[in-house]
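Sequence positions, counted from 1, serve as the residue numbers for this chain.
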Amino acid sequence: MKFEQQFSQQQKQTQKLAMTQQLQQSIQILQYNTEDLADFIDNRALENPLLEVVQPTYSANHTKPRKSSGEEMDYLSQIPDNSISLFEHLIDQVHLNYRDTYLRKLVLYLVEYIDLNGFLKISLEEAAEKTGGSAIQLLDALTLIQQLDPAGVGARDLQECLMLQTERDNAAPHLAYVVLEEKFEELVDRKWEKIAKYFDVSLSDVQEIFDYIQNLTPTPGAVYGSTEGLFIIPDLTVKIDDQKIKVSSNRKSMPEIKFQSNYFERMRESQDPEVIKYLKDKQQDYEWLKKTMQQRGDTIFRVGKAIVQHQTEFFLNKERPLKPLTLKDISEELKIHESTVSRAVNGKYLETAFGVFELKSFFSKKIGSETSERSSNDAKHLLQRLVDQEDKAKPLSDQKLTDLMKEKGVDISRRTVAKYRDTLNIAGSSKRKRYD
């Protein structure tokens, strides 16, 4: 058998789209949320002396969520001052409350191994080996940490975290601490009959303890430094006047870029060819950025307006129903690519009198037949309503929920009901049962 290789030369014409750096950046700018865009513009201004950035003055409307009635909440007054980290907060308490002794040195050492959620991430055995302290000394140091604020800090696992919080709460139900200490696994698994028999209490007593523990925090340290991202600056605003919906763009909330014309004219007097070329490049960079930001705003506005037109019932009906809507629907209507729609809705927000919503949240898949106007969002709302209205002593099974939803015109499978239930963080029927 012979193998032959034949080589030949031929011309072939192909068409390729060369994605320039500016095109890549244009796509990226559309994808940026407000905060990322501001950072990008600031960085460009550092590279371009002809570009001046004027930061917007944010109004209170952009930093306050609203009640569903439209009444403004005094939300800012409820936000704790979390400008310091958990580590700094603990260190300040240690220096304030404990004398400068060897034990305090061990406390400071352990604090370095407390993560952002407040948990100790080093074993006492390892800490003793590294510091030379005894096991008793390290345990004493940890005990001092666990007396600091917030309650639960310094715990080594979830069980200890909940016990520490319960121990310091005078309003904790009777036996709550002991149940956590001795029957934690049974409580998590809802083996309440076993717990009730062991402690000789009623099922309603166990229910009370469980309800109390539900209100404790599993991450006591997470509150520190958590205000980042709390203030959302919406890209669009929807106002309703006499059942008429008006969509407007919040471009005044965006950084404004200006051209440093005086600096440009002074520099242009130079006869140096390199300076002239530099000025020309930087002027083009400014013009490109201004045009790209304008295009970004236009695209978000067009997409947002199209979404609002499709979902008018959401804004006019207090039950906030959503019609089936996909990225493809908007892309075909506006004659733009689906990926452009996706970038225009991710991380972009719309402000209403009853809340602030991410644009992508208005998309919902169709369920049932092709002619159905039911969306997956409708199904989830119905499922939530059925669970809210059920007899908690006899919770509805997934099959029963499926049957009830079918009776109400939402024909989905039991598996889909289970999936939606998980999405809504609704526990299974056995774990929803109450003994009040």
Side-chain angles (χ1 to χ4, degrees), residues 78 80 86 114-121 142-143 145-224 226 380-402 404-405 414 417-436:
Q78 301 178 32
L86 174 63
I114 290 179
D115 68 11
L116 296 177
N117 290 323
F119 286 86
L120 183 68
K121 290 304 180 181
L142 178 59
T143 301
I145 291 174
Q146 292 177 346
Q147 293 173 4
L148 300 176
D149 180 63
V153 73
R156 289 160 287 184
D157 54 38
L158 177 61
Q159 180 182 7
E160 186 175 30
C161 176
L162 298 176
M163 288 170 61
L164 289 169
Q165 293 176 62
T166 304
E167 184 180 33
R168 289 164 60 172
D169 185 4
N170 293 328
H174 177 59
L175 290 180
Y177 182 89
V178 180
V179 170
L180 281 169
E181 184 178 31
E182 299 183 16
K183 295 294 178 181
F184 179 69
E185 295 297 332
E186 287 85 349
L187 188 67
V188 171
D189 294 337
R190 290 182 178 251
K191 296 178 180 178
W192 293 355
E193 290 87 352
K194 188 175 180 179
I195 296 173
K197 184 177 180 181
Y198 182 86
F199 290 103
D200 192 23
V201 295
S202 66
L203 288 173
S204 61
D205 290 331
V206 181
Q207 177 76 66
E208 181 187 3
I209 292 172
F210 182 81
D211 290 345
Y212 167 78
I213 292 169
Q214 291 286 89
N215 292 320
L216 300 179
T217 173
T219 55
V223 65
Y224 290 89
S226 63
K380 290 174 185 176
H381 276 299
L382 176 58
L383 175 61
Q384 183 70 65
R385 191 159 64 248
L386 290 173
V387 170
D388 290 342
Q389 296 172 354
E390 72 183 357
D391 180 358
K392 298 304 178 185
K394 297 178 181 179
L396 299 170
S397 66
D398 285 350
Q399 186 57 57
K400 184 61 177 177
L401 287 168
T402 303
L404 289 173
M405 292 179 74
R414 186 189 62 79
V417 167
K419 184 180 75 172
Y420 287 170
R421 181 170 53 72
D422 288 340
T423 302
L424 295 168
N425 293 319
I426 298 173
S429 57
S430 62
K431 293 187 176 183
R432 297 200 306 274
K433 188 173 182 179
R434 295 185 62 84
Y435 297 91
D436 296 333

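Between the NZ atom of K191 and the CD atom of E186 there is a distance of 6.5 Å, given to the nearest 0.5 Å. In this structure, CG in L401 is found 9.0 Å from CG in L382, a value given to the nearest 0.5 Å. In this structure, CG on L404 lies 10.5 Å from CG on L383, to the nearest 0.5 angstrom. For the atom pair OG (S430) and CG (D189), the distance works out to 10.5 Å, reported to the nearest 0.5 Å. Q207 CD to K392 NZ: the interatomic distance, rounded to the nearest 0.5 Å, is 11.0 Å. With rounding to the nearest 0.5 Å, the separation of CG in L162 from CD in Q214 is 10.0 Å.
When all heavy atoms of A222 and N117 are compared, the closest pair comes out as CB-OD1, 3.7 Å. Residue M405 comes nearest to L386 through the heavy atom pair CG-CD1, 3.6 Å, listed as atom of the first residue, atom of the second, then distance. Between L158 and P218, the closest heavy-atom pair is CD1-CB, 3.8 Å. The two residues D115 and K121 come nearest to each other via the heavy atoms OD2-CE, 3.0 Å. Here the closest heavy-atom approach between residue R414 and residue Q399 is recorded as CD-OE1, 3.5 Å. Between A151 and P220, the shortest heavy-atom distance links the atoms O-CB, 3.4 Å.
At distances below 3.5 Å, at least one donor-acceptor pair connects side-chain atoms of R432 with backbone N or O atoms of A427. With Q159 contributing its side chain and L180 its backbone, the two residues share a donor-acceptor pair below 3.5 Å. Panel note: side chain R434, backbone A393; no donor-acceptor pair is recorded below 3.5 Å. Checked by atom type and distance alone, the side chain of T217 pairs as donor or acceptor with a backbone atom of T219 at under 3.5 Å.
Contact annotation: the side chain of L86 never approaches that of L116 to less than 4.5 Å [non-hydrogen atoms, C-beta and beyond]. The closest side-chain heavy-atom distance from M163 to E181 is below 4.5 Å. Side chains of L175 and E182 form no contact here, defined as non-hydrogen atoms less than 4.5 Å apart. Contact of the D422 side chain with the K419 side chain is not registered, since no non-hydrogen atoms from C-beta on lie closer than 4.5 Å. Annotation: side chain of V387 is not in contact with side chain of L396 (no heavy-atom distance under 4.5 Å). Using a 4.5 Å heavy-atom threshold, the side chains of D391 and K394 count as touching.
Using a 3.5 Å distance cut-off with no hydrogens or angles, the side chains of Y435 and E193 do pair a donor with an acceptor. Donor-acceptor pairing under 3.5 Å is recorded for the side chains of D205 and S202. Judged by distance alone, the side chains of E160 and Q146 do bring a donor and an acceptor atom under 3.5 Å apart. With hydrogens and angles left out, the side-chain atoms of Q384 and D388 include a donor and acceptor closer than 3.5 Å.
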Report the C-alpha distance between W192 and L187 in whole Å, list the side-chain angles of each, state the deciding distance to 0.1 Å, and finish with yes or no for side chain to side chain contact (heavy atoms under 4.5 Å, CB included).
CA-CA 7 Å; W192 293 355; L187 188 67; 3.9 Å; yes
Residues Y212, D169; criterion side chain to side chain contact (heavy atoms under 4.5 Å, CB included); working and verdict
CA-CA 11 Å; Y212 167 78; D169 185 4; 2.7 Å; yes
Check the pair F210 / V179 against side chain to side chain contact (heavy atoms under 4.5 Å, CB included), numbers first and verdict last.
CA-CA 10 Å; F210 182 81; V179 170; over 6 Å; no
Which is it for Y420 and I426 under the side chain to side chain contact (heavy atoms under 4.5 Å, CB included) test, yes or no, and what are the steps along the way?
CA-CA 9 Å; Y420 287 170; I426 298 173; over 6 Å; no
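The cationic group of K183 does not satisfy the cation-pi geometry with F199, failing either the under 6.0 Å distance to the six-membered ring centre or the 45° limit from the ring axis.
The number of heavy atoms from other shown groups lying within 6.0 Å of CG (L424) is above 12.
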